[in-house]
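Indexing begins at 1, ligand by ligand and atom by atom, following the structure's order. Atom set for the values below is all heavy atoms of this structure, side chains included, hydrogens, waters and symmetry mates excluded.
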Amino acid sequence: MERKRTICDICCPSFHCGIDAYVRDGQIEKIEGTAEHPQNHGLLCAKGLAARQYVYRKDRIRTPLLRVGERGSGEFRPISWEEAYKRIAERLLAIREESGPEAVVFFSGYTKWYRPWLHRLANQFGTPNYMTESGSCMFSTFLQWLTATGNVMSSPDVDRAGIFLGWAYNPYYSRNLAAAGVEEAKKRGMKVIIVDSRITPASLRLADLHLRPRPGTDGALALGLACELIKNGWYDREYVSKYVYGFAEYAAYVKEFTPERVELLTGVSAEQVRTAAKLIGHNLPLAINESAAPIAHHRNGFQNYRAIMALSAITGSFDRTGGQIPVQFSYNYQAAGFATREKEFVGKVKTRPGYPPVGGEKYPLWHAMIDEAQFTDLARQIREKKPYPLRAVVGFGLNHRIAPGSDRLAEALKTVDFLVDVDLFLTDTAKLCDIVLPTCTSFERSELKAWGGGYLTVTQPVIEPLYQSKPDIQIICDLARGMGLADRLLTAGPEACIRYLISDLPVSYEELQASELPVKVPGARGREPGRMLAQGFPTASGKFELYSLEIGKIREQYPDCGLDCLPVYREPICAAEQEKYPFTLCSGPRIPGAIHSRLHSVPWARSLRPDATADLNPADAETLDLQQGDEVEVYTDFGCISLKANLTYMADPGTVYIYHGYPEADVNTLLDPKNVDPYSGFPAFRSSRAGVRKKVG
Ligand SMILES: Nc1nc2c(c(=O)[nH]1)N[C@H]1C(S)=C(S)[C@@H](COP(=O)(O)OP(=O)(O)OC[C@H]3O[C@@H](n4cnc5c(=O)[nH]c(N)nc54)[C@H](O)[C@@H]3O)O[C@H]1N2
Ligand SMILES: Nc1nc2c(c(=O)[nH]1)N[C@H]1C(S)=C(S)[C@@H](COP(=O)(O)OP(=O)(O)OC[C@H]3O[C@@H](n4cnc5c(=O)[nH]c(N)nc54)[C@H](O)[C@@H]3O)O[C@H]1N2
Ligand SMILES: [Mo]
């Protein structure tokens, strides 16, 4: 067996662990974590350890496929790559000619490595309708930071913090490698508050104090903490007067959030609110967990996030040692400390009057700050054809189960004139398409990848692409060529693009390619606090905005938009909804052996959790007359799914927790696609209402 090196890309790009693949006769026989890799130091999680089975999943697409049966019948015939490219090019160019470039949508699912290529392809084609899974993940966090500070992202300086606010923080299931830093800091005396509605390994192992607000009530809790911090003088007066905009309005507003009122709104006792504020006030600086999903997945999620991060500003922790350090991204959203050229590579597209990107009219703040269309408005626009019809969708990893009202999204997709998907597997969404193209895994391709700490690599394939599959970036370059786009880079192929992306760096393509391990880029910057405080914030006020001038501008333009300049708190669920169904449905808290739709049919990963489950508190189970493993039905106005009851004290009474992505129990069929955050367009995955009953018969 020959040992070859690659990376696992099953989960988030912040990780992507080093893998030693042992290969015989072109087959991967076993894998291990790479001991010398700066990221994982030999460790692999349960998902990564199943990567060999993932690569060899039985439903890998083998050749390009052309639909022969009815739309959605899943009947295809194999075609050659040449024929597939020719057909796609002809249809897309014809639609552009007839209806304008905006009628074509380019979509990316969770995978990120090819995204700047796909975005460039969309721009070169001329459509603003490039959209990605990030319309439900991470970009609400970016939007919050852009609104508050003018910079896209920050990260908690755990190593030097006095107190860590682990708000919606359970890395033991979702980000295994991230827990070590907090564990280490705790040993040297850093205090930890975990804010999570559930009991988790993080609350049990790390918390000095565990606050359990009801899902989606986080904003009220954060404003309540601010109320106590300000009242007791535990905030940084000098910092606030120098660097913060809108403090007076904000301080007046938070006065309403007394501990007693916060108890009513969140379920966290008034006494715990006081204790938490004191713990924070006496242990500064404050570092706060950055959350991509659970805080944002509510219809009030964006404002809740703002309220939480306002704590960093008022305690004088933002851009200070041990606080929240602003970061800039290198390739693919990594804070690696060097500049790659993806912004120039992606370029810009001109939007024509009357043809805003999907979601552009509905989510004006998103539209003003994020250079992507918002996919959560896609099904509506396909159905209503307003403000203009969408006629083709070209998806890379298009999975209709991503969205609330997933079955409606599938129905909408079925009605567009031309639907293409590029995926590894013949998924239920791929089965809806006219043409399906096979791509390959990280084991079968060469890719550019950066990591925090100043690392960069160009990986080499450890096996040939399986069957007739091709890497996504090759497919994108081939499509550009097939459509005859006048794009000198994409038509020159992947290597030319990578060379362009790294052309400002003091390392060469050859050097990166030759090294089995990531290369440390000379001169990469570490995390240095204070740059933004020294230079001024790139916001309208030049300060950290607790009162947002950008939102103020939008309010002038759209007086009925309903957006607030302060981090105003609104309830995630209104009283009428509360009455209709007895449970809060919180879907998606991560489980260790699953990731979205990817591993549900991979044997090792599936064996860790054979059934789709509904997690319920034993007290609720008693009321419902349920035993462990009983079949239950969870239902809303939109649908009903069957799962196994999993009785656990992790769940708080009154909330049912369900993981997403299962074809046989798709929780997103239960959710209302209109229940979205008006700032970010993010769906309320984590707080809606549902009924639960024992299944009879
Ligand atoms: N194993 C595994 N790992 C993953 C993923 C996966 O699917 N599986 N997905 C990846 C992706 S795409 C993402 S976005 C990240 C998400 O990563 P995380 O944000 O770390 O993960 P979650 O488990 O969704 O949420 C963390 C905790 O927040 C709590 N929580 C839920 N709702 C609320 C709320 O309203 N308020 C508060 N305070 N807490 C709440 C949950 O109980 C949970 O314990 O994980 C990544 N890592
Ligand atoms: N109810 C509920 N729904 C949620 C969430 C939740 O918490 N609750 N979380 C949301 C979040 S945070 C996220 S990130 C999304 C996940 O969003 P999805 O995009 O649904 O994620 P996946 O199912 O992992 O991947 C989508 C498709 O990409 C394919 N794929 C994998 N690798 C590649 C590749 O290299 N190239 C190509 N072309 N395709 C590939 C997979 O086979 C799959 O079909 O789900 C969102 N939906
Ligand atoms: Mo995500």
Heavy-atom contacts under 4.0 Å between [X] and ligand 2: side chain, backbone, both, or neither?
X      : result
Thr441 : neither
Thr427 : side chain
Arg445 : side chain
Tyr54  : side chain

Ligand-side contact atoms (ligand 2) for residue partner [X], heavy atom cut-off under 4.0 Å:
X      : result
Asp472 : 34 (C), 35 (O), 36 (N), 37 (C), 38 (N)
Val667 : 1 (N)
Gly397 : 26 (C), 27 (C), 28 (O), 29 (C), 38 (N), 39 (N)
Phe425 : 42 (O)
Asn399 : 20 (O), 23 (O), 26 (C)
Gly109 : 19 (O)
Leu424 : 31 (C), 32 (N), 33 (C)
Val422 : 37 (C), 38 (N), 39 (N)

Task: Check: Asn668 N/O within less than 3.5 Å of ligand 2 N/O - done: yes
Task: Contact check: Asp9 vs ligand 2, nitrogen or oxygen atoms, below 3.5 angstrom - done: no
Task: Where Thr132 and Phe375 come nearest, the two heavy atoms and their spacing - done: O-CD2, 3.1 Å
Answer yes or no for [X] and [Y]: cation-pi contact, defined as NZ/CZ to six-membered ring centre under 6.0 Å and angle to ring axis within 45°.
X      : Y      : answer
Lys449 : Trp113 : no
Arg175 : Phe15  : no
Arg205 : Tyr172 : yes

- [ ] Give a yes-or-no answer on whether the side chains of Ser587 and His660 include a donor-acceptor pair shorter than 3.5 Å.
- [x] no
For this output row, return yes or no: ring centroids of [X] and [Y] closer than 6.0 angstrom.
X      : Y      : result
Phe682 : Tyr363 : no
Phe142 : Phe139 : yes
Phe106 : Phe396 : no

By salt bridge (Lys or Arg N to Asp or Glu O under 4.0 Å), which residues pair with [X], not counting sequence neighbours?
X      : value
Asp478 : Arg481
Asp9   : Arg445
Arg57  : Asp59

Open item on the list: Taking the side chain as everything from C-beta on, heavy atoms only, tell me whether Arg606 gets closer than 4.5 Å to Leu599.
Closed with: no
Task: Residues in the immediate environment of ligand 1 (any heavy atom closer than 4.0 angstrom) - done: Cys12, Lys47, Tyr110, Cys137, Trp167, Ala168, Asn170, Tyr173, Ser174, Arg175, Val195, Asp196, Arg198, Thr200, Pro215, Gly216, Asp218, Ala292, Ala293, Pro294, His298, Cys586, Gly588, Pro589, Arg590, Ile591, Pro592, Ala594, Ile595, His596, Tyr659, Arg686
Open item on the list: For Trp81, I'd like to know if atom CH2 has over 12 heavy atoms of other residues, nucleotides or ligands within 6.0 Å.
Closed with: yes
